[in-house]
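Below: the structure, in C-alpha cells.
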Amino acid sequence: MLCLGIETSCDDTSLALVKDGRLLAQESAGQADLHALFGGVVPELASREHARFIGPLCDKLLRDNRYVAADLDLVAVARGPGLLGSLLVGIAFAKSLAVGSGALFIGVNHLHAHLLAAGLEKKLLYPALGLLVSGGHTHLYRVEGPAAFSPLGKTLDDAAGEAFDKAGKMLGLPYPAGRQMDFLAGKGRADPRLFPRPHMRSGTLDFSFSGLKTAMRAQAKPSLRVSWDAATGKAVLPKDPEQYAALADCCASFRLAVVETLAAKMQAALDAPDQADIRCLLLAGGVAANSLLRASIARLAASREKAFLVPAPALCADNGAMVAYLGGLLAEEGFCHPLSMEAVPRGRPIPDDMRRRIGQFPLTAP
Ligand code: KG4
Ligand code: ZN
C-alpha cells in the first residue's frame, strides 16, 4: 500500500511516502526561524507558510520518487490536535488530493502518530506503555494497537517541551530552546537540588511543569543570560569559561528535573498491577530527542526486561512519515474517513469517527 502522509499541525510542513510500512522519502519545510522572531509560534503566520509550502513539497516528493498522484492508495493527514488554521491547510489539501487521485482518505491523531513512529524502524510490540513528550503535549498512554490507545496521564499545565522552551527563553536562548538546552546540559554538571520534581506526590500519573518555570525565573540571573548578535539575530554563548560553565550547569540541573519527573511517572505506571502485561516502552515527540531522557527510559526498560522503542531523533519531531505510517496501519485494519472529517484543535477530544471500509470502495465510506 502506497501511502502519502501530510503533517501540518504546528509549524512544520512535512509530507512523506510510506510503502507497506517502510519510509520511501520525505519532504519537509520548517518555520522555526520565522517564529523565533516572535519567541513562539504565531498561528496565523504558521498557516500561511503551510499554504505556501504544501503544494511544491508534494510535487517534489512525487516527482523525485517517480510517482504520480494516481499511484497513491491512501492519503493520510494529521487531523489534530494542533493549531486549527494549520490543520485546515493540511486537511483541505489531503481531501483534494484524495478526490483527485482516487485514493482512500484517513485523518490520524497526531499524538498517536508520534507514539507509533518507531514502528517505521523496528517491530512494535503490544501492549505498550507510551510516553509522548512534545512542545504542546505530555501524555502517557497504554497502547494495545494502532486504534487502541487508553490515556493514563497528561500534563495539567505546560508540556515538557514548552517547559524547555520557556526556561530557555528566560536564559536568552532562541525558540525552540529544547535542543540547545540539551546540548548545553551535556557540557555542565547537574545539581539535583536546584529545581523541584513537580507533582510527584499527587498519586496520579498526571504531570505539571509550570512550577519549573517559576523556579527557572529565580535561577536565570542576568549573569547567566545569553546575549544576541544583532547582525545575525543568533544567540551568542558566553566566552568567559566561568559564565559558560554556570549556564551549562543550570541547563543540566533543569534537564535532570524534567527527565527524572518523566521517568518517575513512567515507572509508577509500570508498577501499577493492571500494567503488568506491558511488553514495551515507547518514547516519542520532539523531547524524545533529548539525550538524557532517551538514556533514562532505556535504563528503566532494561531494568524491567521490557523492550524500548524510540524513533531516530529525525523522526521525533513533527513529520509526515509518522502520519503516513499510522494511516497505513489503520487502513490495513480496514479503517478510513469520509470527506466530512473535521480538524480538531488542541484541547478538544478527537472523536472516534473512523469508518470501517467494506471491501474496495472509492472515497466515502457508507
Ligand atoms: O514534537 P515536536 O517537534 O512539535 C510539537 O508537536 O510540539 O516537539 C517540539 C519540542 C520543542 O518544545 C523543542 O524544544 C523540543 O521538542 N525539543 C527538545 C529537544 N529537541 C527538541 N527538548 C529537549 N531536548 C531536546 N534535545
Ligand atoms: Zn508533534
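First listed ligand is number 1; within each ligand, the first listed atom is number 1. All values below were derived from every heavy atom in this structure, side-chain atoms included, with hydrogens, water molecules and symmetry-related copies excluded.
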Same hydrophobic cluster for Ile278 and Met266, using side-chain heavy-atom links shorter than 4.5 Å among ILVMFWY?
-> yes
Taking 2.8 Å as the strict upper bound, the Zn ion (ligand 2) has protein N, O or S neighbours numbering 3
Taken to the nearest 0.5 Å, the spacing of Lys122 NZ from Phe308 CZ works out to 9.0 Å
What residue and heavy atom of the protein are closest to atom 22 (N) of ligand 1, and at what distance?
-> Gly178 CA, 3.5 Å
Measure up the Tyr141 and His139 rings against each other and bin them: parallel (under 30°), tilted (30 to 60°), perpendicular (over 60°).
-> parallel
Which atoms of ligand 1 sit under 4.0 Å from any heavy atom of Ala317?
-> 3 (O)
Would Phe207 and Leu256 show up in the same hydrophobic cluster when neighbours are defined by side-chain heavy atoms closer than 4.5 Å?
-> yes
Location of contacts on Asp318 toward ligand 1, heavy atoms closer than 4.0 Å | both
Looking just at side-chain N and O atoms, do Arg255 and Ser291 make a donor-acceptor pair shorter than 3.5 Å?
-> yes
Which residue and heavy atom of the protein sit nearest atom 7 (O) of ligand 1, plus the separation | Gly135 N, 2.7 Å
Nearest neighbour in protein (non-hydrogen) for atom 1 (O) of ligand 1 | Gly286 N, 2.9 Å
Nitrogen or oxygen of Phe164 less than 3.5 angstrom from that of ligand 1 = no
May I ask you to check if Arg279 and Tyr126 form a cation-pi contact, with NZ or CZ under 6.0 angstrom from the six-membered ring centre and within 45° of the axis?
-> no
Please state which protein non-hydrogen atom is closest to atom 14 (O) of ligand 1 and give its distance, to 0.1 Å?
-> Asp165 OD1, 2.6 Å
At under 4.0 Å between heavy atoms, which part of His137 makes contact with ligand 1: side chain, backbone, both or neither?
-> neither
Side chain, backbone, both or neither: the part of Arg255 lying under 4.0 Å from ligand 1 by heavy atom = neither
Kindly indicate, with the supporting measurements, whether the criterion side chain to side chain contact (heavy atoms under 4.5 Å, CB included) is fulfilled by Cys251 and Met181.
-> CA-CA 6 Å; Cys251 291; Met181 284 193 82; 4.1 Å; yes
Atom 23 (C) of ligand 1: which protein heavy atom is closest, and how many Å away?
-> Asn290 ND2, 3.4 Å
Heavy-atom contacts with His110 under 4.0 Å: which atoms of ligand 1 show up? List them by number with element.
-> 6 (O)
Is a side-chain donor or acceptor of Lys169 paired with a backbone partner of Pro174 at a separation under 3.5 angstrom?
-> no
Do the ring centers of Phe149 and His112 come within less than 6.0 Å of each other?
-> yes
Quick one: do the His199 and Asp206 side chains pair a donor with an acceptor below 3.5 Å?
-> no
With a cut-off of 4.0 Å, which atoms of ligand 1 are near a heavy atom of His114?
-> 1 (O)
Report whether Leu111 and Leu283 are members of the same hydrophobic cluster (ILVMFWY, side-chain heavy atoms less than 4.5 Å apart, transitive linking).
-> no
Heteroatom distance test (Gly161, ligand 1): nitrogen or oxygen, under 3.5 angstrom | yes
Among protein heavy atoms, which sits nearest to atom 15 (C) of ligand 1, and what does the distance come to when rounded to 0.1 Å?
-> Val287 CG2, 3.9 Å
heavy-atom search around atom 26 (N) of ligand 1 in the protein gives Asp182 OD2, 3.0 Å
How far apart are the C-alpha atoms of Leu270 and Leu129, what are their side-chain angles, what is the distance that settles it, and do they pass the side chain to side chain contact (heavy atoms under 4.5 Å, CB included) test?
-> CA-CA 8 Å; Leu270 268 181; Leu129 187 64; 3.8 Å; yes
Look only at interatomic distance and state if Ser291 has a nitrogen or oxygen under 3.5 Å from any nitrogen or oxygen of ligand 1.
-> no
Is Gly136 in contact with ligand 1, taking contact as a heavy-atom separation below 4.0 Å?
-> yes
Near-ring test Phe254/Phe164, centroid separation under 6.0 angstrom | yes
If two hydrophobic side chains count as joined below 4.5 Å and joins carry through other members, does Leu315 share a cluster with Val287?
-> no
